[in-house]
Amino acid sequence: RQLFGVMQGIDPRSARLHDRAAGAPPLASGHNKGITLKVDGMIPRYWKAWGWDEGTGVPTQETLRELGLDSLVGKEAAHA
């Protein structure tokens, strides 16, 4: 699905969480009171964990092969 979006011209780096989802502004009460997330630092680690390039968010060739999507190998580079 990530590669499909890339092939349709969607740059994963342009995706942004709504401020509320990222904890900004921090909640004034409750278990998460005063907590904010440093989402920008988390995104590259998330991409890496899924087998996507940390800098672009595009699935790597290795990941595509592991998923049995050999026919799509090389297409990620053409659209990154």
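Throughout, numbering of the chain's residues begins at 1 and tracks the sequence. Here the structure is a predicted model, which means the values were calculated and not measured.
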## Note on the structure
Thr36 and Pro26 have their tightest heavy-atom pair at CG2-CG, 3.4 Å
#### Entry: Least distance between heavy atoms, Gln2 atom then Gly57 atom
NE2-O, 2.9 Å
### Summary
Sequence neighbours excluded, the answer for side-chain contact (heavy atoms from CB on, under 4.5 Å) partners of Leu69 is Leu64, Leu67, Leu72
### Query
Can you name the side-chain contact (heavy atoms from CB on, under 4.5 Å) partners of Arg16, sequence neighbours left out?
none
Only pairs under 3.5 Å count here: list side-chain donor-acceptor contacts from residues 45-53, not counting sequence neighbours, and write none if there are none.
from  : atom 1 : to    : atom 2 : distance (Å)
Tyr46 : OH     : Trp50 : NE1    : 3.4
Asp53 : OD1    : Gly55 : N      : 2.8
Asp53 : OD1    : Thr56 : N      : 2.8
Asp53 : OD1    : Thr56 : OG1    : 3.2

Could you pull out all donor-acceptor pairs under 3.5 Å where a side-chain atom in residues 28-35 meets a protein atom, sequence neighbours excluded?
none

### Task
Can you tell me which residue pairs pass the side-chain hydrogen bond (donor to acceptor under 3.5 Å, both in side chains) test with a partner in residues 63-74, sequence neighbours excluded?
Thr60-Thr63
